[in-house]
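So the structure is just underneath, and the comments pick up after that.
In this text the structure is predicted, and so the values were computed from the model without any measurement. The chain is numbered in sequence order, starting from 1.
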Amino acid sequence: MGLNVAYLLDPRTETCVLVYASTAATSVDCAKLARNVPEAREFLTWVPREEIAAVAAEPEPEEPAEAEQASPSPQEETKPKGKK
């Protein structure tokens, strides 16, 4: 059994929706969808090609570095360190 993920593209309302397992749905940016799913571009007739190109030129969002994720809480920093 695989994941059931689909996109709903509605040219009448010019909206793009991500549908997950037929139980959840959320709106997605159509230009970003065109960047990430090239097969969808031909169906996104209402999105100007310039907008898709502008979104494609944006850098991908970076994930926080591991050091930032693993930083101790302020309480942990104030605890005295034991001898080894």
Side-chain angles (χ1 to χ4, degrees):
M1 187 187 308
L3 292 177
N4 184 9
V5 177
Y7 292 98
L8 173 64
L9 310 177
D10 186 352
R12 290 176 296 144
T13 60
E14 298 183 350
T15 56
C16 298
V17 178
L18 169 66
V19 181
Y20 178 76
S22 300
T23 59
T26 187
S27 178
V28 294
D29 182 281
C30 293
K32 288 183 180 180
L33 176 64
R35 176 187 69 188
N36 295 321
V37 184
E39 306 86 54
R41 289 180 189 155
E42 69 179 285
F43 303 103
L44 297 169
T45 56
W46 64 91
V47 180
R49 297 296 169 219
E50 301 83 35
E51 186 177 343
I52 294 172
V55 169
E58 292 176 6
E60 291 288 328
E62 294 182 21
E63 293 186 23
E66 284 186 37
E68 293 175 6
Q69 292 176 355
S71 62
S73 67
Q75 292 174 341
E76 291 176 0
E77 291 178 0
T78 59
K79 291 181 181 176
K81 304 213 183 225
K83 294 182 183 179
K84 290 185 181 180

Name the atoms and distances for all side-chain donor-acceptor pairs under 3.5 Å in residues 42-49, with sequence neighbours left out.
unit_1	atom_1	unit_2	atom_2	d
Arg49	NH2	Arg41	O	3.2

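- For Val17, the side-chain contact (heavy atoms from CB on, under 4.5 Å) partners are Leu8, Val19, Ala25, not counting sequence neighbours.
- In this structure Asp10 satisfies the side-chain hydrogen bond (donor to acceptor under 3.5 Å, both in side chains) test together with Thr13, sequence neighbours excluded.
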*Take Thr15 and Ser27, measure what side chain to side chain contact (heavy atoms under 4.5 Å, CB included) needs, and give me the verdict at the end.*
CA-CA 7 Å; Thr15 56; Ser27 178; 5.6 Å; no
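- Here CD of Glu51 is found 10.5 Å from NZ of Lys32. Values are rounded to the nearest 0.5 Å.
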